[in-house]
Amino acid sequence: MSLKIVKQNETVEADVLVVGGGTAGFVAAIAAARNGAKVILLEQRDHLGGTHSGGMVMMIRSMRHMRAPKSAEHKKVMIASYESSFEDEQLVFSIAQEYIDRMLAIGAAWGITGQATARQLFDPEIAKWVIEQMVVEAGVDVWFYAQVTDVLVSDNTVRGVVVENLKQRTEIRAQITIDATGDGNICAAAGASFEFGDPDEGHCQPLTLYFVMGGVKLEDTLAYIRSHPEEFSPEYVSTVMKLREEGKPFTVLPFKAKIKEALQKGEYPLPFGLEKVNADTVTYMARPMFRNGKFRYDLLSHNMDMAYDVDATDRKELTRATMGMRDIAVRMAAFYRKYVPGYEDAYLVHTAQVVGVRESRRIVGDYTLTKEDVLAGKHFPDGIGRYGSVVDVHDKDGKQSLLLAEVGGSGWFHIPYRTLLPRGISNLLVAGRCISTDNIAQGCTRSQAACMMTGQATGTAAALALKSQVAPRAVDIEQLQKVLASQNQLI
Ligand SMILES: Cc1cc2nc3c(=O)[nH]c(=O)nc-3n(C[C@H](O)[C@H](O)[C@H](O)COP(=O)(O)OP(=O)(O)OC[C@H]3O[C@@H](n4cnc5c(N)ncnc54)[C@H](O)[C@@H]3O)c2cc1C
């Protein structure tokens, strides 16, 4: 018997094809299917949720208007308490809220049914399962291990994609394709224009490989924080102690004195791509994980800026950066054990399944949302939803601390439908962190609630376009807004 693989060629058809089953893609697929389309959802990995679940970014920012800090000291208090805050107007509902409610019902999220906190905390492992349930219930045909390797384009119109491995080559022909790959892979391959990183040098925000540490005695860590108000600020200390007492979520900030000490001894890992660490501006946060209805004070997820000036769309660069970040996670665990009270016997449980990419391509659409639009809280006639999260831009060379700016005007801006239409290409929509914005506006729209909202808008628009037999660009905006509003999304 010959062992040589004979490759099978097949062609499959769908009304709507969603590429990327991440934060935006799963919502896009549900929305398209619920609005009557036959949907295929392609995901190159073995789970849905992308950065939201496998990336372990376990806080949805923000389904509410989110206040920005007024000073450096205030910033510490705000960062500590966003996860427990129900203050300020909630702006994002619909599928995002339905999903959170399902998570709340099984102890996989912290909060109150029907509402979301300013940074909604959830269990990223159970998220994968709940998302699968929702997508399958909507009737979506999900394909895992389906990496798109080519895009079928003619006359500037996307006709579908190719998914290929050593055994099968499948052409999926679709009437409308939604690019929810985070990196804008399908748009770029189809010939759409894109921008990359900052306008000066094209540098992107740093990458992060989330890591989890177990065996932490957090009460000892909190005792250290309590006895060092000069290091953390008295307001931060009292906020965290109160949140802990009330059983609410909170964030542990960097141990700057310990970092300085370790730096002097050469025992603090340098981020990938940086030659120096500034202990005063370093960005990292640790949080007790919420699992099966309880905060686990011995199990903390850690998020720190780890890899600088990386092009995440370049396989070689991303490989080097990934190895660099894993190396940092292992060495950070050693740093914590040696320097941070409460961590003496702690261990690295795992690093995230998916590398956290904050920024890569931004597809140029029919309209590009700007920093000015966001900060002024601009309303647009083709708005698909209201958004009011803080603008969160991480410094590209680690010299300054995190920039958090607040949306002005009425506290929210519209995301225009035109930002989801790649300029010059037909039958293609884009959702998620790579929609058409400038690099500062992206610091706002890359947040998960915005990704979910653009996912829902693209899925709904694709289904409406098919019903009316028009291209996505010609969808009746008023009708799209009416359908979204009827599904509980504020317009
Ligand atoms: C470290 C970090 C911390 C963050 N913190 C927060 C936070 O606290 N709160 C918040 O709201 N946001 C946060 N963000 C931002 C937010 O999590 C992301 O911007 C958002 O989740 C991206 O969603 P997406 O759908 O665009 O991409 P993803 O969720 O990454 O999904 C893209 C999917 O496409 C798939 N894919 C890609 N290419 C292909 C292909 N060729 N074929 C098939 N499948 C493909 C990928 O496997 C992936 O599943 C953070 C981001 C990072 C990196």
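Side chains are part of it too, since the values below use all heavy atoms of this structure and drop only hydrogens, waters and symmetry mates. In listed order, ligands and their atoms are each counted from 1.
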S.K.: Atom 40 (C) of ligand 1: which protein heavy atom is closest, and how many Å away?
M.R.: Q44 OE1, 3.6 Å
S.K.: Please determine whether a side-chain nitrogen of the Lys or Arg among E125 and R291 lies less than 4.0 Å from a carboxylate oxygen of the Asp or Glu.
M.R.: no
S.K.: Salt bridge or not between E43 and K128? Use side-chain N to carboxylate O under 4.0 Å.
M.R.: no
S.K.: Consider every N or O of N303 and every N or O of ligand 1, then say whether any pair is closer than 3.5 Å.
M.R.: no
S.K.: What's the shortest distance from atom 26 (O) of ligand 1 to any protein heavy atom, and which residue and atom give it?
M.R.: R433 N, 2.9 Å
S.K.: With a cut-off of 4.0 Å, which atoms of ligand 1 are near a heavy atom of I60?
M.R.: 11 (O)
S.K.: Which atoms from ligand 1 have a heavy atom of C451 less than 4.0 Å away?
M.R.: 20 (C), 22 (C), 23 (O)
S.K.: For S360 and D183, test the side chains for any donor-to-acceptor distance below 3.5 angstrom and give the result as yes or no.
M.R.: yes
S.K.: Could you identify the single nearest non-hydrogen protein atom to atom 38 (N) of ligand 1 and state the distance to 0.1 Å?
M.R.: N185 ND2, 3.1 Å
S.K.: In this structure, are over 12 heavy atoms from other groups packed under 6.0 Å from K294 atom NZ?
M.R.: no
S.K.: Return the closest protein heavy atom for atom 18 (C) of ligand 1 as residue, atom name and distance.
M.R.: R446 O, 3.3 Å
S.K.: If you measure every N or O of M59 against every N or O of ligand 1, does any of those distances drop under 3.5 Å?
M.R.: yes
S.K.: Does any N/O atom on Q448 come nearer than 3.5 Å to any N/O atom on ligand 1?
M.R.: yes
S.K.: If you measure every N/O of E43 against every N/O of ligand 1, is any gap under 3.5 Å?
M.R.: yes
S.K.: Decide side chain to side chain donor-acceptor pair (under 3.5 Å) for E98 and N488; before the verdict, give the C-alpha distance in whole Å, the side-chain angles of both, and the deciding distance to 0.1 Å.
M.R.: CA-CA 10 Å; E98 181 189 334; N488 207 20; over 6 Å; no
S.K.: Before giving the answer on side-chain contact (heavy atoms from CB on, under 4.5 Å), spell out for R119 and R287 the whole-Å C-alpha distance, their side-chain angles and the decisive distance to 0.1 Å.
M.R.: CA-CA 12 Å; R119 205 162 48 193; R287 297 181 175 93; 3.1 Å; yes
S.K.: Taking distance alone, with N or O pairs closer than 3.5 Å, would you say T23 contacts ligand 1?
M.R.: yes
S.K.: What do we get for A180 next to ligand 1 when only non-hydrogen atoms under 4.0 Å count, side chain, backbone, both or neither?
M.R.: backbone
S.K.: Please classify the L207 to ligand 1 contact at 4.0 Å (heavy-atom distances, strictly less than): side chain, backbone, both or neither.
M.R.: neither
S.K.: Looking only at distance, does T208 have an N or O less than 3.5 Å from an N or O of ligand 1?
M.R.: no
S.K.: Could you label the plane-to-plane angle of the H302 and F211 rings as parallel, tilted or perpendicular, counting under 30° as parallel and over 60° as perpendicular?
M.R.: parallel
S.K.: Are T368 and S436 close enough that a side-chain donor and a side-chain acceptor fall under 3.5 Å?
M.R.: yes
S.K.: Considering both backbone and side-chain atoms of S447, is one of its nitrogen or oxygen atoms within less than 3.5 Å of a nitrogen or oxygen in ligand 1?
M.R.: no
S.K.: Cation-pi between R418 and Y367: NZ/CZ under 6.0 Å from ring centre and within 45° of the ring axis?
M.R.: yes
S.K.: Only one of E406, E87, E89 passes salt bridge (charged side-chain N to carboxylate O under 4.0 Å, His left out) with R67; say which it is.
M.R.: E87
S.K.: Hey, does R45 come in under 3.5 Å of ligand 1, counting only N/O atoms on both sides?
M.R.: yes
S.K.: Would you say V57 and ligand 1 have an N/O pair spaced under 3.5 Å apart?
M.R.: no
S.K.: Tell me whether T208 contacts the main-chain N or O of Y210 through its side chain, where contact means a donor paired with an acceptor under 3.5 Å.
M.R.: no
S.K.: For the residue pair F232 and Y236, categorise the inter-ring angle as parallel (less than 30°), tilted (30 to 60°) or perpendicular (more than 60°).
M.R.: parallel
S.K.: Provide, to 0.1 Å, the distance between atom 31 (O) of ligand 1 and the closest protein heavy atom, together with that atom's residue and name.
M.R.: G22 CA, 3.2 Å
S.K.: Check contact between G49 and ligand 1, using heavy atoms of the residue and a distance below 4.0 angstrom.
M.R.: yes
S.K.: Pull out every atom of ligand 1 sitting under 4.0 Å from any heavy atom of G50, numbered as shown with elements.
M.R.: 29 (O), 49 (O)
S.K.: If you measure from each non-hydrogen atom of V357 to ligand 1, which part falls under 4.0 Å: side chain, backbone, both or neither?
M.R.: backbone
S.K.: List the closest protein heavy-atom neighbour of atom 41 (N) of ligand 1: residue, atom name, distance to the nearest 0.1 Å.
M.R.: V148 O, 3.5 Å
S.K.: When you measure from atom 30 (O) of ligand 1 to every protein heavy atom, which one gives the shortest distance, and what is it?
M.R.: T51 OG1, 2.6 Å
S.K.: Please report which non-hydrogen protein atom sits nearest to atom 1 (C) of ligand 1, along with the residue it belongs to and the distance in Å to one decimal place.
M.R.: R358 NH2, 3.2 Å
S.K.: Do D305 and R358 sit within salt-bridge range, that is, some charged N less than 4.0 Å from a carboxylate O?
M.R.: yes
S.K.: Which ligand 1 atoms does G356 reach within 4.0 Å, using its non-hydrogen atoms?
M.R.: 53 (C)
S.K.: In terms of the angle between their ring planes, are Y297 and F250 parallel, tilted or perpendicular, with boundaries placed at 30° and 60°?
M.R.: parallel
S.K.: Which of these, S360, G432, A24, A146, has its nearest heavy atom closest to atom 43 (C) of ligand 1?
M.R.: A146
S.K.: Check D438 with R362, please: is the shortest side-chain N to carboxylate O separation under 4.0 Å?
M.R.: no
